[in-house]
Structures are given as structure tokens and as C-alpha cells.
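Please read the structure below before turning to the comments.
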Amino acid sequence: VAACLEIGVDATGFIFVPGSPREISMDKAMEMPMGDALRIGVFSQSSAARVLQIADRANLDYVQLHGGENTAYCKVVGPPKVIKVFWPETMSPAELEASCSEFAPYCAAFLFDAGKSGGGSGKSLDWSILKELSIPRPWILAGGLNAVNIKKATQECAPRAIDLNSGVEISPGIKNLELIKQIRKDYF
């Protein structure tokens, strides 16, 4: 985290998903340096009370929800903090737009990931399906982004931000700082 802050990343992510190879404890996240970057916590199948407790104690700016949470759940957690995850390959473009419209009052942003659920698969989604959509909140692109495909992905669908994870790792949870530096230099 300290090295990423030094590089000048815009956000750091902390995964609070039990069983994930990237899982971090609340105590460990609290020890991480703050810096100027946004702090985002990733959750799946957690109670709203647990999300709120960790968000408060670990000074999270946003919570990224990967577990099928409904609008009532997002409202409890707090719309200004919620990044709701959707898997565009599991629905038609019209269904994705409708879901985003339904969740818009309860979310600050959306994240579109590859696959059918979860996260961290390292697989890319078909970016062309996002190109013509009308999304009522800023959205983040995730899913298998790396130094080879990031330029094409961002040109093809113009996300507000990108979420890098497995595409900049040596192994799950161990980031390649040289690769992050290179991507930062080349694209941001």
C-alpha cells in the first residue's frame, strides 16, 4: 500500500471476503498507511453491520459490494459509499441498464466485472457490450485488465475508472510494483 501511494495511485483496495487469497483483516487494514488515495473495501455476502463497522474502523471511502445485495441493503450501508458490482455478461444490455437505474439512488458508482459472480477471476469481459449503454452513475471497469489490454479496454468503452487486481499481480495478493508503475506512466 505504501509503495502504491508513493507511485500516486488514485485508490487502494482492501478485500474483506473470507476465503479469498487476497483477504485482509480489519486490524491489518487499519494499520495500512492512509495517503491521499481513496480507500475501498471489497465485500461479498457480509452483513450490513459488518460492512459499516469495517468501513468506519478502516477509514474506507467506499465499499464495493459483490454479493447480490439489494437496494435496501445499499440504502442501509449508505448511498454515498456504495459501489455496486454487476456482471454484464449475465444479462442483456437492456437488463443491465434497468438494474443500474434501479440501484442508482442507492449507489455512488457501479463496477462492471467479468464472469458471473465473485471477482478476481483474471478474465476480461466483452467491453463492446458497455460501449453504447446509458449508465446513470459513474462506472468502473474490472476484469482481467493488464498492461497488454488496458488501452484497448479504455478506448472501447470509456470507463470513469479502472480496477486493477490480478493483472498486476505476481501471485494472488502480491502486486508487481514495476508493472503498476509502468501502467501508471503509460496510461494515467
Worked verdict on Leu125 versus Leu130 for side-chain contact (heavy atoms from CB on, under 4.5 Å): CA-CA 10 Å; Leu125 61 90; Leu130 303 173; 3.9 Å; yes
4.5 Å side-chain heavy-atom contact, Tyr187 and Ile162: no
Side chain Arg57, main chain Met26, donor-acceptor under 3.5 Å: no
Gln64 side chain to Ile83 backbone, donor-acceptor under 3.5 Å: no
Asn165 and Lys175, any side-chain heavy atoms less than 4.5 Å apart: yes
Leu60 and Phe14, any side-chain heavy atoms less than 4.5 Å apart: yes
Check: Ser166 and Asn146 side chains under 4.5 Å, non-hydrogen atoms: no
Nearest atoms (heavy-atom pairs only) where Ile135 meets Cys100: CD1-SG, 4.1 Å
Non-hydrogen atoms of Leu179 and Val168 that approach each other most closely: CD2-CA, 3.9 Å
Salt-bridge present (Asp126, Lys131; N to O < 4.0 Å): no
Residue pair Val82 / Tyr62, side-chain heavy-atom distance below 4.5 Å: no
Heavy-atom closest contact (Pro136 atom, Ala104 atom, distance): CG-CB, 3.7 Å
Side-chain heavy atoms of Gln53 within contact of Ser46, under 4.5 Å: no
Greater than 12 external heavy atoms within 6.0 Å of Glu6's CD: no
Heavy-atom closest pair, residues His66 and Trp87: O-CH2, 3.3 Å
Sub-4.5 Å side-chain heavy-atom contact between Leu5 and Thr12: yes
Exam field: side chain Arg39 to backbone Ala29, donor-acceptor pair closer than 3.5 Å: yes
Sequence neighbours excluded, every pair satisfying ring pair (Phe, Tyr, Trp, His ring centres under 6.0 Å) that has a member inside residues 131-163: Phe112-Trp139
Glu69 (side chain) donor-acceptor with Cys74 (main chain) under 3.5 angstrom: no
